[in-house]
Amino acid sequence: MVCPNVPSKGMNYPEAGKTGIQGRQFLVCFTDNHPYARNQSKTIYILSDEDFEFKLISKFLDSTQLYKEVLTQSRNFKELNLTNTIALSDFKIEQKALLIETTQDVSVIIIDNYMHSSDSTVVLPIKSISNSYIISSAYREFNNSLPNSQFAIASRENGTLIKIYFHFDPDLPMKINGITYRNGSAMIFVLDELETFQIWHKVDATGTLIHASKPVAVFSGSHCDKIAFENSTGFGACSKLDEQLPPIDRLDNMYIVPPNYNRMGTVLKIASPFDNRIIYKIGNKQGEKTLKPNGYFEITFLKDEIVVIDSEKPVLVTSFSTGSYITGDPYMITVPGIRQYTDKYLVTVPENFEKSYIALMVEEKSMYNLVINDTEIIQYLNDRKFYAIVTIKDIKFAVLILQVSGGMLRIKSTNNAAFGLVVYGHRRADGHGFAGKAVLPDTCVNVNE
């Protein structure tokens, strides 16, 4: 159990290696994509440092109907292509959650990989999910687009009582099964084992709270949305946005947000479950915001800027890259907090994107201790795409963006220094992105010390 809702007085990193996303049980669901994507498959990547076996459990389809395994040369890397029938429908209780069980600790990454509307997310192990969540979703009307919010809940156990407290901006009514819900309304229902429920609305649902009687997994995003700066002349096509959200009791209160290289910029959304005071810096400019419970605000910043956030209590921070038709379209990333960093990551980079990048946030003194696939970081520095130093709590961090090739990436620090990781990729009229990890560790971090 973590120590939520307490102000920060220092860095207090968790013990290195204790904050990873690896596990042996995962709960997965796929939110609905653009209508044109309905003939496309979904992909699950499972990877480990060791050879492993896995089992995919579904109540919706027999596994022989559900997926095909792509042949690979490694027994510690599995790629599964799933039929699109596993995508969720709006406002229906369905048996579309998937349970993945493995014989070794693994990382799981999913991607909804339609050519013009893709996104990806790291899947949290079941040991890291919990009962309470605050929703962050994309919403930005642009060039007569039809913005929307989408989120879904997946249940691990029978008899899970779900309570949703809606936060709608603007306050437009939504009708589900004959019942009208507005801002402030509560919806109550029960999900059984491996059941799902997806909600879609044409307003911003950020700040919506979910409370469950038993641990659940929550995914958020959009069917297909455009994201752009106000008064921007670029337009972009709509793109799927998809992230598994961390539970409230695993949120952090200090963040370094890297830019999205080769994009116009980033829209950053900060949502707070609590009364909160947030200080943020963009370069040399500092701002402050006071939020009521379930409140949120947005920051926009450019492709050569970094945002530093220090809040009194934990917040959820999500970034949305702004799209342009040529270099790719929006994607959603749950930004990792500083205490959520770890000393090693095992991820995969999809190979069918034209350009892929990783952003690394590491204490400056430990930067040269980073190793990527057994190659020291110094070998990459001459071709870096972005580099800057920021300071938080009097500690200097290097923010480094590198271009990488598709495939598995093992990134670690040789001195056990914790660091943050973000992965994203671009192709024409499309993009995807995910964080290496965005949950606090399994043991309590006493941030008062």
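Within a 6.0 Å radius of OH in Tyr368, no more than 12 heavy atoms belonging to other residues, nucleotides or ligands are found. The local environment of NZ in Lys59 is crowded, with over 12 non-hydrogen atoms from other residues, nucleotides or ligands closer than 6.0 Å. By the neighbour-count criterion of 12 heavy atoms within 6.0 Å, atom CG of Asp62 is densely surrounded, having more than that number from other residues, nucleotides or ligands. Summarising the local packing, NZ of Lys214 is surrounded by more than 12 heavy atoms from other residues, nucleotides or ligands at distances under 6.0 Å.
When ring centroids are compared, Phe353 and His426 stay outside the 6.0 Å threshold. Taking the six-membered ring for Trp and the full ring otherwise, the centers of Tyr261 and Tyr357 sit less than 6.0 Å from each other. Tyr331 has its ring centre less than 6.0 Å from the ring centre of Tyr424. Centroid-to-centroid, the aromatic rings of Phe151 and Phe219 stay 6.0 Å apart or farther. For Tyr280 and Phe301, the ring centers sit 6.0 Å or farther from each other.
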Practice problem: Evaluate the side chain to side chain donor-acceptor pair (under 3.5 Å) criterion for residues Ser366 and Asn415: first the C-alpha distance (whole Å), next the side-chain angles of each, then the deciding distance (0.1 Å), finally the verdict. | Solution: CA-CA 8 Å; Ser366 294; Asn415 65 341; 3.1 Å; yes

Practice problem: Could you walk me through whether Gln198 and Asp90 pass side chain to side chain donor-acceptor pair (under 3.5 Å), step by step? | Solution: CA-CA 5 Å; Gln198 176 177 275; Asp90 293 319; 2.6 Å; yes

Quiz item: Does the pair Ser137 and Asp204 meet the rule for a side chain to side chain donor-acceptor pair (under 3.5 Å), with working shown?
Solution: CA-CA 7 Å; Ser137 61; Asp204 194 344; 3.3 Å; yes

Practice problem: For Thr160 and Val190, run side-chain contact (heavy atoms from CB on, under 4.5 Å): C-alpha distance rounded to whole Å, both residues' side-chain angles, the deciding distance at 0.1 Å, then the answer. | Solution: CA-CA 5 Å; Thr160 301; Val190 174; 5.7 Å; no

Exercise. Go through the steps to decide whether Glu363 and Ile395 satisfy the test side-chain contact (heavy atoms from CB on, under 4.5 Å), and finish with yes or no.
Key: CA-CA 7 Å; Glu363 284 193 45; Ile395 297 177; 3.5 Å; yes

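One finds a salt bridge joining Glu193 and Arg156 here, because a Lys/Arg side-chain nitrogen approaches an Asp/Glu carboxylate oxygen to under 4.0 Å. Electrostatic pairing of Asp32 and Lys96 does not count as a salt bridge here, judged by no charged N lying under 4.0 Å from a carboxylate O. A salt bridge does not link Arg250 to Asp252: none of the charged nitrogens lies less than 4.0 Å from a carboxylate oxygen. Salt bridge absent: Lys412 and Asp343 never bring a charged side-chain N and a carboxylate O closer than 4.0 Å.
Contact of the Val267 side chain with the Thr322 side chain is registered, since non-hydrogen atoms from C-beta on lie closer than 4.5 Å. Looking at Gln244 and Ile129, their side chains come closer than 4.5 Å, going by heavy atoms from C-beta outward. Put simply, the side chain of Phe26 does not reach to within 4.5 Å of the side chain of Phe54, judged on heavy atoms. Contact check for Arg24 versus Val106: no side-chain heavy atoms found under the 4.5 Å cut-off. For the pair Thr31/Trp200, no side-chain contact is recorded, criterion being any heavy-atom separation below 4.5 Å from C-beta on. Contact annotation: the side chain of Leu191 never approaches that of Thr196 to less than 4.5 Å [non-hydrogen atoms, C-beta and beyond]. You'll find the side chain of Ile199 reaches within 4.5 Å of the side chain of Phe166, heavy atoms only. A 4.5 Å side-chain heavy-atom check between Leu370 and Glu376 finds every atom pair outside the cut-off.
Side-chain atoms of Gln150 and Ser222 form no donor-acceptor pair, as typed in the model, at a separation below 3.5 Å. Using modelled atom types and a 3.5 Å distance limit, the side chains of Glu94 and Ser89 yield a donor-acceptor pair. There is no side-chain donor-acceptor pair under 3.5 Å between Thr208 and His167. Asp249 and Ser130 share a donor-acceptor pair across their side chains, judged by distance under 3.5 Å alone. Side-chain contact of Asn253 with Ser311: a donor-acceptor pair under 3.5 Å is absent, judged by distance alone.
Rounded to the nearest 0.5 angstrom, Glu101 CD and Ile126 CD1 are separated by 7.5 Å. The line from OG of Ser220 to CD1 of Ile153 is 10.5 Å long, rounded to the nearest 0.5 Å. Considering CE of Met361 and CD1 of Ile392, their distance stands at 11.5 Å, rounded to 0.5 Å. Taken from OH in Tyr296 to CG in Leu291, the straight-line distance is 10.5 Å, to the nearest 0.5 Å. Taken to the nearest 0.5 Å, the CG atom of Leu47 stands 11.0 Å off from the CD atom of Glu79. Asp119 contributes atom CG, which lies 8.0 Å from atom CD1 of Ile333 (distance to the nearest 0.5 angstrom).
Checked by atom type and distance alone, the side chain of Ser48 pairs as donor or acceptor with a backbone atom of Asp105 at under 3.5 Å. Formation of a donor-acceptor pair under 3.5 Å by the Ser155 side chain with backbone atoms of Glu195 is not found in this model. A donor-acceptor contact shorter than 3.5 Å is absent between the side chain of Thr121 and the backbone of Phe434. Under a 3.5 Å cut-off, the side chain of Ser213 and the backbone N or O of Leu161 do form a donor-acceptor pair. Between the Ser120 side chain and the Ile111 main chain, no donor and acceptor come within less than 3.5 Å of each other. Judged by distance alone, the side chain of Thr266 and the main-chain N or O of Ser321 form no donor-acceptor pair under 3.5 Å. The main-chain N or O of Ala212 is found under 3.5 Å from a side-chain atom of Asn131 such that the two form a donor-acceptor pair. Judged purely by atom type and a 3.5 angstrom limit, Tyr255 uses its side chain to pair as donor or acceptor with the backbone of Val315. For Ser58 (side chain) and Leu61 (main-chain N/O), a donor-acceptor pair under 3.5 Å exists by modelled atom type.
Using bins of under 30°, 30° to 60° and over 60° for the plane-to-plane angle, the ring pair Phe189/Phe197 lands in the tilted bin.
In terms of heavy atoms, Pro336 sits closest to Val422 at CD-CG2, 4.1 Å. Annotation for Ala359 and Ile401: closest pair CB-CG1, 4.0 Å, computed over non-hydrogen atoms. Ile176 and Met174 make their closest contact through CD1-CE, 3.7 Å (heavy atoms, listed as atom of the first residue, atom of the second, distance). The minimum heavy-atom distance between Ile306 and Pro259, with the atom names listed, is CG1-CD, 4.0 Å. Val122 approaches Gly436 most closely through the heavy-atom pair CG2-O, 4.1 Å. The shortest heavy-atom contact between Ser136 and Lys269 is OG-CD, 3.6 Å.
Of the options Asn84, Thr83, Thr85, a side-chain hydrogen bond (donor to acceptor under 3.5 Å, both in side chains) to Lys42 is made by Asn84 and by none of the others.
Partners of Tyr133 under the ring pair (Phe, Tyr, Trp, His ring centres under 6.0 Å) rule, at least two apart in sequence or in another chain, do not exist in this structure. Every residue two or more places apart in sequence or in another chain that forms a side-chain hydrogen bond (donor to acceptor under 3.5 Å, both in side chains) with Asp49 is listed here: Arg410. Applying the side-chain hydrogen bond (donor to acceptor under 3.5 Å, both in side chains) test to Thr43 and every residue at least two apart in sequence or in another chain returns Asn81.
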